[in-house]
Amino acid sequence: MMNMKRICILACIVIAGLTSCKKFLDTQPTDFYTTTNYYGTEAQLQQALNGIYGDLMRPELYGQVMGLNFVSTTDEVMSNRTADGDARGLRYNYDASLVHIANIWRYAYVGINNLNSLLDNIDKPTMDASRRNIIKGQALFLRGFLYFILTSNYGDVPVVLHTPAINDVNIPQVKQADVYVQIEKDMKEAEVLLKDYTITQAKFNEVVTLTAVQAMLARVYLYWAGYPQNNTAKYQDVITYTDKVILSGLHALNPDYRQVFINLATDQYDVRENIWELGSLGAAAGVVNKSGKDIGNYVGIEATLTALDSTSYNSAAWVWATKKLFDAYETDPNSPLSPNKPSLDIRRDWNCANYIYSGTNPRVKAARPNPWQMCAGKFRREYVPQAIRNTNGVGGTYNVNWTMIRHSDVLLMRAEAENYVNGPTNAYNYVNQVRKRGYGLMNGNVVKSITMVSTGDGYTKAPAVTITGGGGNGATGTAILASGKVTGIYLNSPGALTLGSYYTTSPVVVIGTFWTPGASYTTGTQVTNGGILYTVTTAGTATNTPPTHTTGASDPAVTGAVFTYEGTAATATATITTGSESDLAPGLSKDAFQLAIRDERMRELCFEAVRKADLIRWGSFVSDMQNFASWATANGAGVTSTGNPNGLQGVRNISARHVMLPKPTYELNLNRLLTQNAGW
């Protein structure tokens, strides 16, 4: 199998014109391809399949729209846009004529048509049977997946399983339940054909392997079990198929949640965590590369590319996190910091970015402390290799992959289905695995909190904080300064979260710079010695005699650097975890556990385009959004300076008709057998 990132993906050669040429020509064409003179070799089958994979990352699908347009106003994320937000469907002001609604439908069916053509000709070339099975299995899965996109967005849709004739325009729509039956049929047949094609054989996750089929089929069953079909018998199928993935031993959680998305940005395959990704790097000759409208741009951390800074990058940041998402993560109850206490859950400060990059000369990292205005931080372009993101200050391609389904999602689906079928007793195991990783505790203990022993006084700027010892490394903190005192330490990272870096005892917290004999100090540096805080008033080298002090005066005993007494030094101690902090509260009822799963899915999967679909299948999308609008209003979302009034208006626009997208006006005019969805 060819590596999708490392090859030029051929534009799909069967998009149009391959179905009916023979009806109009008596001679065989020689200067272009038809279904008659194509699909004659294994290479041509593979090229056709590659084109379909490539089209999934078109801007009209997962290159932009499927991760942004109709999924970016929920209780976890809200658009900050006005007029252009309406034009992109970000604020629920769209109708059936919106181009992006038409394009999802159009390119899903383009892909289905191409797959049907491929499947109709799959037996044409002479080739190895196992290779044919791999191509056929992937094609069947992708057809089922495209129908899953269609029915989960539009409800009842036409199901076409062979290349239609040119005059086959009026095709009846099929009830959603029957669309699910076809999806199940295609994916189950794909599972059999790909039974020996695992991630071990493929070695990368941009193509469909056995566990990708099984994981996505579990998601299909989960949606089928929920609203509007409410076929709850399918929860048992969710258990069956998530177990296939879990028990395969091929997938596991990355110990560091942050690293999952750093790997995406740095083009590193994480085949254990990410079961299926859509590749985006590179484009075929003559195909416009996606230079600015892909992952990490509209859903990313605000920044501006500048020729004056080779480390800069572009990100429009058209959506912001919500305070509900930010508040959903557990915080350190003993922290004196306010209002944003440090979180024990490392996912919060990764997903809700508390900074942006502003300015051009120099570019600076500016604090963004208000949760309503924090950027969606999951996909971070600052980690994309510089050669890709910045070409002499004029912009590169970025091209971060889209992660379609992750192992953590499989575990959470398993927990939800187990709770529904058997109650929460055995479901705890699956959700606690996800939470333990979220808290950084998969393989050991980390720094849990930092407590001030003394705030000190006389600081003119926040001192550096270093955390050393304790058998681990990687913990970092930032001093919070108020009125010359260090009022707290914000724990930026609890540790490195790699084997050998975990803490076995409490590390030592060092605040500021210590006076060291023989060291050189510049004017304005603040140093501590014997619990005393000094400011260097004359640059030079410290002598071997510790500085004695006279209040408010230079120390006459010191030659070289001159130290002036400022006050007392701040001190703090660190506490490490015990390993159980992440566990979900025991003894929950079935209903309470289901509510806990809903929050956990938001904490884990935010900005991955599943929240809206989750709310819909739980049957609570409209009521939840109405309740959220009231809560958001009461909690400052409508305040222009510190909130997100544009996003709040989008939430207020939600009504019952938004459970489904409208069928596109163009398609209704073309296909007279289509029926518009309710409310449109």
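Excluded from the calculations below are hydrogen atoms, water molecules and symmetry mates; all remaining heavy atoms, backbone and side chain alike, are included. Since the model is a prediction, treat every value here as computed from it, not as a measurement.
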Between [Y] and [X], do the side chains contain a donor N or O and an acceptor N or O under 3.5 Å apart?
{"X": "Tyr257", "Y": "Asn351", "result": "yes"}
{"X": "Gln214", "Y": "Thr211", "result": "no"}
{"X": "Glu667", "Y": "Tyr109", "result": "no"}
{"X": "Glu60", "Y": "Asn103", "result": "no"}
{"X": "Tyr223", "Y": "Gln229", "result": "no"}
{"X": "Asn254", "Y": "Arg272", "result": "no"}
{"X": "Arg58", "Y": "Tyr107", "result": "yes"}
{"X": "Gln173", "Y": "Tyr154", "result": "no"}

Backbone N/O of Thr304 and side chain of Asn314: donor-acceptor pair under 3.5 Å: no
Under 3.5 Å donor-acceptor, Arg81 side chain and Ala87 backbone: no
Straight-line distance of [X] [atom1] to [Y] [atom2], nearest 0.5 Å:
{"X": "Thr209", "Y": "Phe141", "atom1": "OG1", "atom2": "CZ", "answer": "9.0 Å"}
{"X": "Ile597", "Y": "Met413", "atom1": "CD1", "atom2": "CE", "answer": "11.5 Å"}
{"X": "Lys203", "Y": "Thr198", "atom1": "NZ", "atom2": "OG1", "answer": "9.0 Å"}
{"X": "Cys352", "Y": "Glu76", "atom1": "SG", "atom2": "CD", "answer": "9.5 Å"}
{"X": "Ser408", "Y": "Asn274", "atom1": "OG", "atom2": "CG", "answer": "8.5 Å"}
{"X": "Asp55", "Y": "Tyr53", "atom1": "CG", "atom2": "OH", "answer": "13.0 Å"}

Residue list, side-chain hydrogen bond (donor to acceptor under 3.5 Å, both in side chains) with [X], at least two apart or on another chain:
{"X": "Arg132", "value": "none"}
{"X": "Glu42", "value": "Arg131"}
{"X": "Glu189", "value": "none"}
{"X": "Tyr221", "value": "Glu184"}

Atom of Val77, atom of Val71 and distance for their closest heavy-atom approach: CG1-O, 4.0 Å
Shortest non-hydrogen separation from Ile301 to Cys375 and the atoms involved: CA-CB, 3.8 Å
Chi angles and distances behind the side chain to side chain contact (heavy atoms under 4.5 Å, CB included) call for Val157, Trp105: CA-CA 10 Å; Val157 296; Trp105 179 288; 3.9 Å; yes
Leu119 vs Lys136, side chain to side chain contact (heavy atoms under 4.5 Å, CB included): CA-CA, chis, key distance, verdict: CA-CA 7 Å; Leu119 289 166; Lys136 183 178 180 181; 3.9 Å; yes
Counterpart residues, side-chain contact (heavy atoms from CB on, under 4.5 Å), relative to Val174 (two or more places apart): Val159, Asp178, Val179
Val65: side-chain contact (heavy atoms from CB on, under 4.5 Å) partners, not counting sequence neighbours: Asn69, Phe70, His100, Ile104
Pair listing, salt bridge (charged side-chain N to carboxylate O under 4.0 Å, His left out) test, anchored in residues 90-99, at least two apart: Asp86-Arg91
Residue pairs fulfilling salt bridge (charged side-chain N to carboxylate O under 4.0 Å, His left out) with at least one residue in residues 603-613, sequence neighbours excluded: Asp75-Arg611, Arg347-Glu604, Lys378-Glu608, Arg406-Glu604, Arg406-Glu608, Arg437-Glu604, Glu600-Arg603
side-chain hydrogen bond (donor to acceptor under 3.5 Å, both in side chains) pairs, two or more places apart, involving residues 671-680: Lys663-Asn677
Pair Phe148 and Trp224, ring centroids less than 6.0 Å apart: no
Contacts of type salt bridge (charged side-chain N to carboxylate O under 4.0 Å, His left out), residue Arg414, not counting sequence neighbours: Asp243, Glu418
Steps toward side chain to side chain contact (heavy atoms under 4.5 Å, CB included) verdict (Asp409, Arg219): CA-CA 9 Å; Asp409 194 356; Arg219 181 181 286 178; 2.7 Å; yes
Ring pair (Phe, Tyr, Trp, His ring centres under 6.0 Å) involving Phe628 - partner list, sequence neighbours excluded: none
Any residue meeting ring pair (Phe, Tyr, Trp, His ring centres under 6.0 Å) with Phe145, in chain and number order, not counting sequence neighbours: Trp276
Tyr39 and Ser117: CA distance, side-chain angles, deciding distance, side chain to side chain contact (heavy atoms under 4.5 Å, CB included) verdict: CA-CA 9 Å; Tyr39 302 114; Ser117 185; 3.0 Å; yes
Aromatic ring pairing Tyr269/Phe204, orientation class (parallel under 30°, perpendicular over 60°, tilted between): tilted
